[in-house]
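Below is one structure, written out as structure tokens; comments come after it.
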Amino acid sequence: MRDGEIICSNLGRNNGSRYEGDNGNTSLTEEQYLWTLLWIVLPFNAMGCIQSISCKPKSFRDSIIVLEVKTSIDSNPTSIDESSSVVLRYRTPHFRAFARVLVPPVAGKETWTIGWIQACNHMEFYNTYGNKGMSSWELPDLRDCKIQAISDSDGVNYPWYGNTTETCTIVGPTKKDSKFSVSMNDNFYPSVTWAVPVSDSNVPQLSSIHRDQSFTTWLVAINQATSETLVLQTIHWRMRLHIQVDPEKPLGQRAVLNEPFAQEQPQIMGKNESIPPNAMVKPNANDAQVLMWRPKNGDPVVVIPPKY
């Protein structure tokens, strides 16, 4: 017997064109009997279906609720640090993401982790040294369009961006609603040599820095036993900068931020996007990146190879 289905017996006995009740005194035509049967069976069948739907417990996918999502990039411009005679340092404003999540009671013995996963979709990072050439940090598979994105995990807690404020784990069964927040932030704070990185000379020749990177950040729930993955929110963001450098000037007066003074604000997407496979696994962007020297004349040289 299936839910919502009723199998009836002893409703009558078939005597050709007539159906008789138990006492044999009430006679119905075949058409009248069929209409009577429909009026009896259909309401019970319908009520059975409604009851089975309303009583079926909601799945985790259907019950988790994102109460609030906020994201921004700080309004302060990129800062430049010329305190070192060896390298120029700069610090970009922070990208920030915050979410409040509600998980109703989890009936089964399930463990779910909810948090932030991030991947780099595009990277241009060029440091020009006058007419000598340029150094560039590159992600070869991303550069060559072999992959859509690469993990930006912390390198330890794959696929998560981190495991402090970035994630929360719910271990079932639970009797009450679980309400919590998860947050993350990201920015750049690199060092760029004043001199050509493949030269023995310490003469400053750095003339410009160009950087343009794009990321996708997902709020995600993952079942630890089955690896079922639910994308709850998708955010796109981008960080750009252009620093002009005059290596002839005294240290502390060489570099000027050309653009942008304020970054584009992140976008919370109206429709969620699936996570590319490479965003979930090793290597992460930090371990996969390569520092290249690309001279004006001659072949490229690998300055720093990938870590993996």
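Because the structure is a prediction, the values reported are computed rather than measured.
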Without swapping roles, check the side chain of [X] against the backbone of [Y] for a donor-acceptor pair under 3.5 Å.
| X | Y | answer |
| --- | --- | --- |
| T216 | A119 | no |
| N223 | T226 | yes |
| Q253 | L251 | no |
| N272 | V231 | yes |
| S151 | K282 | no |
| R254 | K249 | yes |
| T229 | S227 | yes |
| W194 | S84 | yes |
| Y158 | P283 | no |
| S183 | F98 | no |

Write down the atom of [X], the atom of [Y], and the distance for their closest heavy-atom approach.
| X | Y | answer |
| --- | --- | --- |
| D152 | A285 | OD1-CB, 4.2 Å |
| D81 | Y189 | OD2-OH, 4.3 Å |
| V103 | F180 | CG2-CE2, 3.9 Å |

Does the pair F95 and T217 meet the rule for a side-chain contact (heavy atoms from CB on, under 4.5 Å), with working shown?
CA-CA 11 Å; F95 161 80; T217 306; 4.0 Å; yes
Angle class for the W293/Y129 ring planes (parallel below 30°, perpendicular above 60°, tilted otherwise)?
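Ring orientation of W293 relative to Y129: perpendicular.
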[X]-[Y] co-clustered via ILVMFWY side chain contacts under 4.5 Å:
| X | Y | result |
| --- | --- | --- |
| F125 | I80 | yes |
| L102 | I114 | no |
| I64 | I268 | yes |

For the pair N127 and M134, evaluate side-chain contact (heavy atoms from CB on, under 4.5 Å) and give the outcome as yes or no after the intermediate values.
CA-CA 5 Å; N127 308 308; M134 69 177 187; 5.9 Å; no
How about [X] and [Y]: do any of their side-chain heavy atoms sit closer than 4.5 Å?
| X | Y | value |
| --- | --- | --- |
| W160 | I117 | yes |
| I235 | F215 | no |
| H122 | R238 | no |
| R89 | S83 | yes |
| R294 | E138 | yes |
| I73 | P266 | yes |

Answer yes if the side chains of W237 and Q118 hold a donor-acceptor pair under 3.5 Å, and no otherwise.
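Yes, because at least one side-chain N or O of W237 sits under 3.5 Å from a partner of the opposite role on Q118.
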Any side-chain donor-acceptor pair under 3.5 Å between T78 and T92?
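Judged by distance alone, the side chains do not pair up.
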State the [atom1]-[atom2] distance between [X] and [Y], to the nearest 0.5 angstrom.
| X | Y | atom1 | atom2 | answer |
| --- | --- | --- | --- | --- |
| I222 | W112 | CD1 | CH2 | 9.0 Å |
| E259 | L241 | CD | CG | 9.5 Å |
| Q148 | N121 | CD | CG | 8.5 Å |

Hey, mind stepping through V303 and S135 against side-chain contact (heavy atoms from CB on, under 4.5 Å) and telling me if it holds?
CA-CA 9 Å; V303 181; S135 66; over 6 Å; no
Only one of D74, T71, D186 clears side-chain contact (heavy atoms from CB on, under 4.5 Å) with R96; which?
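It is D74, the one option of D74, T71, D186 that forms the side-chain contact (heavy atoms from CB on, under 4.5 Å) with R96.
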Check the surroundings of atom CD in E82: do more than 12 heavy atoms from other residues, nucleotides or ligands lie under 6.0 Å from it?
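For E82, atom CD is crowded (more than 12 foreign heavy atoms under 6.0 Å).
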Please determine whether the number of non-hydrogen atoms from other residues, nucleotides or ligands lying under 6.0 Å from atom CG of N297 exceeds 12.
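At most 12 heavy atoms, drawn from other residues, nucleotides or ligands, come within 6.0 Å of this atom.
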So, applying side chain to side chain donor-acceptor pair (under 3.5 Å) with Q224, which one of T169, T113, T111 is it?
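Only one option passes, and that is T113.
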side-chain contact (heavy atoms from CB on, under 4.5 Å) between I209 and L88: does it pass, once the steps are laid out?
CA-CA 10 Å; I209 298 171; L88 175 151; 3.7 Å; yes
